[in-house]
**Q** 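Pasting in a structure now, in structure tokens, and then I'll have a few things to ask.
Values below: every heavy atom of this structure, side chains too, minus hydrogens, waters and symmetry copies.
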Amino acid sequence: MPLYDEETLEKFRLSGKILRETREEMRSYVRENMPVIQVCEKAEALIREKGGKPAFPCNVSINEAAAHYTSPPNDTKRIPEKAVVKVDIGVHVDGYVTDTAFTACFNPEHASMTAAAEHALKTAIDNIRPEITTSKIGSAIETDIKNRGFKPISNLTGHSVGRYLIHAGTSIPNVAQFSLTKIKTGDVYAIEPFVTLPDAVGRVEDSNEVTIFRLVKAKSTKNPYAKQLLKYIEKTFRTLPFTERWLEGIVPQQQHDTAFKELLSSKSIMGYPVFIEVSRKTVTQAEHTVLITDDGCEILT
Ligand code: MN
Ligand code: MN
């Protein structure tokens, strides 16, 4: 794993500052009955206004959807009444990624489960330091969530981040899990507990819905529009996730669908399905990105 020089750390810090300001503005922006696309576009616009670039499309995942929903073009979906909404956003500055999330809870019944995700995140941050194993962090998160009467999602994890990389190789589990992997000074990690109800299965599975994509490896294609789209994706997003909303106007509209499908079927790009809780129970989430220091961590977001 790389240790970053001071100039690079300043890019991470700027990325984190832009993201923190955006998150706090979004907290008071999100409302019941608001179109989901309005939330996505607002967050992405704020990030750009502040001088960053979205590291991935703004995720707005509702109730039993834990992660990976963003609005497709012309989305008509609205935030339902009494919804529990995970807003997950990322910024990159010259490729250096920070990642944060909060839960907007419009259902008072789930207020304590929303607080539990925030508290588990705080506990993880209080515990994280050089040389601790990722398994100990997972154990601290799990214990904290269970002490509050809830259940962690066992198959979603935090992760190290890197340049143009959201998942840079190391996972930070949300449950006690055997691992000898140690946290290293100077590395940057996103920590993100996901919490559900005690009688839920406590795992997520792929749904049929896919709204977020990423370049895998550019394959040759005969379709000139697919070629053009692929070139744009490589140049603009590199290895970072994107949405079809960000591809509007790149090729003529009547050619887009065929070209995009061609990139998927040739496996030049892949999709990330929306994750839903297996027993369809509501999920909450909180997330920060931290830089590991000699005596603990610096919260970047
Ligand atoms: Mn995130
Ligand atoms: Mn993350």
Side-chain angles (χ1 to χ4, degrees), residues 4 6-30 36-61 66-71 85-104 114 117-118 120-122 124-125 128 156-168 170 172 186-194 212 214 236-243 245-246 272 284-293 296-301:
Y4 301 108
E6 206 40 50
E7 195 186 331
T8 304
L9 289 180
E10 283 312 312
K11 289 176 182 170
F12 268 119
R13 287 189 181 106
L14 176 59
S15 169
K17 177 179 182 283
I18 292 166
L19 194 56
R20 176 171 64 244
E21 290 176 7
T22 301
R23 181 192 61 227
E24 293 313 307
E25 288 177 53
M26 291 308 293
R27 259 189 223 281
S28 45
Y29 184 79
V30 181
V36 171
I37 196 166
Q38 189 181 328
V39 178
C40 296
E41 288 179 343
K42 177 69 178 181
E44 293 161 8
L46 282 171
I47 289 168
R48 291 196 174 97
E49 276 166 31
K50 293 170 191 296
K53 286 182 181 160
F56 50 84
C58 172
N59 288 214
V60 178
S61 307
H68 291 177
Y69 183 87
T70 196
S71 283
V85 187
K86 281 74 64 189
V87 178
D88 193 326
I89 47 181
V91 164
H92 79 86
V93 169
D94 190 28
Y96 296 100
V97 171
T98 55
D99 184 358
T100 195
F102 68 94
T103 299
T114 302
E118 290 288 347
L121 174 58
K122 186 185 181 301
I125 288 171
I128 203 164
L156 289 176
T157 68
H159 46 95
S160 53
V161 299
R163 192 168 193 219
Y164 293 106
L165 287 175
I166 311 287
H167 285 259
T170 304
I172 301 185
D187 265 347
V188 181
Y189 298 89
I191 310 173
E192 50 182 319
F194 286 85
I212 298 175
R214 172 174 72 79
T236 313
F237 313 119
R238 301 201 196 188
T239 42
L240 291 172
F242 60 89
T243 159
R245 283 187 289 111
W246 294 352
Y272 293 96
T284 63
Q285 177 204 14
E287 180 176 23
H288 270 307
T289 301
V290 303
L291 165 69
I292 305 304
T293 56
C297 74
E298 173 185 333
I299 302 173
L300 295 174
T301 49

**Q** Report yes if the side chains of Glu44 and Pro57 come closer than 4.5 Å at any heavy-atom pair, otherwise no.
**A** yes

**Q** Do Lys42 and Val39 come close enough that some side-chain heavy atom pair is under 4.5 Å?
**A** no

**Q** Could you verify whether a donor N or O on one side chain and an acceptor N or O on the other, from Thr8 and Arg163, lie under 3.5 Å apart?
**A** no

**Q** Salt bridge (charged side-chain N to carboxylate O under 4.0 Å, His left out) between Lys86 and Glu192: does it pass, once the steps are laid out?
**A** CA-CA 12 Å; Lys86 281 74 64 189; Glu192 50 182 319; over 6 Å; no

**Q** Is there side-chain contact between Ile191 and His288, with heavy atoms separated by less than 4.5 Å?
**A** no

**Q** Counting C-beta onward and ignoring hydrogens, is there a side-chain heavy-atom pair between Val188 and Phe12 closer than 4.5 Å?
**A** yes

**Q** Any side-chain to backbone donor/acceptor pair from Thr70 onto Cys58? Under 3.5 Å, distance only.
**A** yes

**Q** Roughly how far apart are Ile172 CD1 and Thr157 OG1, rounded to 0.5 Å?
**A** 8.0 Å

**Q** Taking atom NZ as the centre, does Lys50 end up with more than 12 heavy-atom neighbours from other residues, nucleotides or ligands that are less than 6.0 angstrom away?
**A** yes

**Q** So Leu46 and Tyr29, do their side chains get closer than 4.5 Å, heavy atoms only?
**A** no

**Q** How about Val60 and Val85: do any of their side-chain heavy atoms sit closer than 4.5 Å?
**A** yes

**Q** Nearest 0.5 Å, what's the CD1-CG distance between Ile89 and Asp99?
**A** 9.0 Å

**Q** Are any side-chain N or O atoms of Thr103 and backbone N or O atoms of Thr284, one a donor and one an acceptor, separated by less than 3.5 Å?
**A** no

**Q** Does any part of the side chain of Ile299, heavy atoms only, come nearer than 4.5 Å to the side chain of Val290, both counted from C-beta?
**A** yes

**Q** Does some side-chain heavy atom of Tyr189 sit less than 4.5 Å from a side-chain heavy atom of Cys297?
**A** no

**Q** Run the salt bridge (charged side-chain N to carboxylate O under 4.0 Å, His left out) check on Glu24 and Arg20 step by step: do they pass?
**A** CA-CA 6 Å; Glu24 293 313 307; Arg20 176 171 64 244; over 6 Å; no

**Q** Do the ring planes of Tyr96 and Tyr4 sit parallel (below 30°), tilted (30 to 60°) or perpendicular (above 60°)?
**A** perpendicular

**Q** Have Thr98 and Thr289 got a donor and an acceptor in their side chains that come within less than 3.5 Å?
**A** no

**Q** Strictly distance-based, threshold 3.5 Å: is any side-chain N or O of Ser160 a donor or acceptor partner for the main-chain N or O of Thr170?
**A** yes

**Q** Indicate yes or no for a side-chain donor-acceptor contact from Arg23 to the backbone of Thr301 under 3.5 Å, with no hydrogens or angles considered.
**A** yes

**Q** Could you tell me whether a side-chain N or O of Arg13 sits under 3.5 Å from a main-chain N or O of Leu300, the two making a donor and an acceptor?
**A** no

**Q** So for atom NZ, which belongs to Lys53, do other residues, nucleotides or ligands contribute more than 12 heavy atoms lying within a distance under 6.0 Å?
**A** no

**Q** One pair to check against side chain to side chain contact (heavy atoms under 4.5 Å, CB included): Ile166 and His159. What are the steps and the verdict?
**A** CA-CA 8 Å; Ile166 311 287; His159 46 95; 3.8 Å; yes

